[in-house]
Number of protein chains: 2
Amino acid sequence: MSKPAFSRAEPDARRQSLIEATARVLARDGATGASVRAIALEAGVSPGLVGHYFAGIDGLVAETYAAVGQQVHVALAAAVAAAGDDPRDRVAAYVTASFAPPIADRALFATWIAFWSLSAKPIIAARHDALYQSYRDDLEALLAACGLPAADRRLVAIAITALVDGLWLELCLSPGNFTPGEARVLAERQLESYFDRSAKSSR
Amino acid sequence: MSKPAFSRAEPDARRQSLIEATARVLARDGATGASVRAIALEAGVSPGLVGHYFAGIDGLVAETYAAVGQQVHVALAAAVAAAGDDPRDRVAAYVTASFAPPIADRALFATWIAFWSLSAKPIIAARHDALYQSYRDDLEALLAACGLPAADRRLVAIAITALVDGLWLELCLSPGNFTPGEARVLAERQLESYFDRSAKSSR
DNA sequence: ATTCCTATTATACGATTGTACAACAAGCAA
DNA sequence: TTGCTTGTTGTACAATCGTATAATAGGAAT
């Protein structure tokens, strides 16, 4: 007669559902809004469950960092895959994907800022290090396919990543100062300059 | 016989003292630690004074943003002044000053992240817009002195600022991935590429 | 010495925070 | 059907949050 007051879930599914709820709250309300109660409400469970599955709110946010970072990775990989086979096109696609949805997005920006604001905690800093290293590794592989000398790849990847991050940041913080199209032009221009330089020095 | 329990201060001096205390708390404990009580304790006054002088905690943080932003401006201007008279040297000094103290500093990073995390509030966003516009204006003036065509200045200033911000960010978040010296090399290399390009196209 | 203005303090208030824990019940095993 | 395991709930707890306000007292003016 009475319908169940709650239902049990597979531990992994429940964890995943809490992580996704955290991502939504972070995107909507930023770091200050991501309380245990708000997350539990968003996930449709009771506040006590957070403590049951994660090492406090910090542990949950750290795992959410990894999950959202992985989603960005997937979005970038999709952009590369859609670019075809030409190595130059693939690098350009990887770089400029950051200036269009779903990556250039105020909600994702709020999420990212929340992660950065917790970077004083070692567990969050470790997540960041691993994630950004994987981004640079991806970029280095794409650069290698373009024939960029191995000796140049590391620093070029650092520079490209920094430029893209900086443009993405300002694009989210002050849209109106420049357009996503201009960001794209600037990023592609810098890519060309590195290829030209390496072609020149290898001659 | 009894010494005064407190002393009155010139309104401007008291405001300044509260702003400086806020900057210190932000630098030490980040956004989450910047409570009215913590700031008042740091300034050596009672919590009630914050409400007396500022429009709540948000107003105080917004004014602190302007003050800290001004300090950064001063530090950059000092680096330029110390660089001598050659326009190229001056631009290089402006750009690379971000990779050395007092700008490349974890405490300033924590402060900056705190500002960004509040950028959803219009009062903070407005401060950011004004501040970053002034940074780009400074850079454009330095670029103009180097003979960069007026038509190129805006986008070049945007690109340089983005690269520097991105490098500064990663330098603060993950020191160890690359050195301040490498960041300097990358920034100067990009500057050169823009000057080369403009020299080529104006020929 | 006295008066007065107001900067400053101290406290109270309701709301919200993260965590801990006892009680409950869903759902599988027997 | 009965029992058992444990995922889940609901709440209590102390701490902290921002803000408002009455009371206090510094310090200049008279």
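Per chain, numbering begins at 1; letters A, B, ... match sequence-line order.
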Check every strand shown and say whether [X] touches a base, only sugar-phosphate, or nothing at a heavy-atom separation below 4.0 Å.
| X | answer |
| --- | --- |
| B/Ile57 | sugar-phosphate |
| A/Val50 | nothing |
| B/Phe54 | nothing |
| B/Gly48 | base |

With a cut-off of less than 4.0 Å, is there a side-chain N or O of [X] near OP1 or OP2 of [N]?
| X | N | answer |
| --- | --- | --- |
| A/Arg14 | D/dT8 | yes |
| A/His52 | D/dT8 | no |
| A/Tyr53 | D/dG7 | no |
| B/Ser35 | D/dC17 | yes |

Closer to the 5' end of DNA chain C via nearest nucleotide, is it A/Val36 or B/Val45?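 That would be B/Val45.
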Give the nucleotide from the list C/dT8, D/dT5, C/dG18 with an atom nearest to the side chain of B/Ala9.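 So the side chain of B/Ala9 is nearest to C/dT8.
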Between C/dC5, C/dT9, D/dT5, which one does the side chain of B/Ser46 approach most closely?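 Closest nucleotide to the B/Ser46 side chain: C/dT9.
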Would you call [X]-[Y] a salt bridge at under 4.0 Å N-O?
| X | Y | value |
| --- | --- | --- |
| B/Glu188 | B/Arg184 | yes |
| A/Arg136 | B/Glu170 | yes |
| B/Arg15 | B/Glu10 | no |

Nearest whole Å is fine: how far is [N] [atom2] from [X] [atom1]?
| X | N | atom1 | atom2 | answer |
| --- | --- | --- | --- | --- |
| A/Arg8 | C/dA26 | CZ | P | 9 Å |
| B/Arg15 | C/dA7 | CZ | P | 12 Å |
| B/Asp29 | D/dT16 | CG | C1' | 14 Å |
| A/Asp58 | C/dG18 | CG | P | 9 Å |
| A/Leu41 | D/dT9 | CG | C1' | 14 Å |
| B/Ile39 | D/dG18 | CD1 | P | 8 Å |
| B/Leu49 | D/dA22 | CG | P | 17 Å |

Hey, which of these two, B/Gly56 or B/Ser7, hits DNA chain D nearer its 5' end, going by closest nucleotide?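 So the residue in question is B/Gly56.
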Report yes or no: is the cationic atom of B/Arg88 (NZ for Lys, CZ for Arg) closer than 6.0 Å to the six-membered ring centre of B/Phe195, at no more than 45° off its axis?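 Because its charged atom sits under 6.0 Å from the ring centre and within 45° of the axis, B/Arg88 does stack over B/Phe195.
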So B/Trp116 and A/Trp116, would you call those rings parallel, tilted or perpendicular, with 30° and 60° as cut-offs?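 Because their plane-to-plane angle lies in the 30° to 60° range, the rings of B/Trp116 and A/Trp116 count as tilted.
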Let's test your reading of the model: under 3.5 Å, does the base of C/dT16 pair with the side chain of A/Arg37 as donor and acceptor?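 Between C/dT16 and A/Arg37, which were checked side chain against base, a qualifying N/O pair under 3.5 Å is absent.
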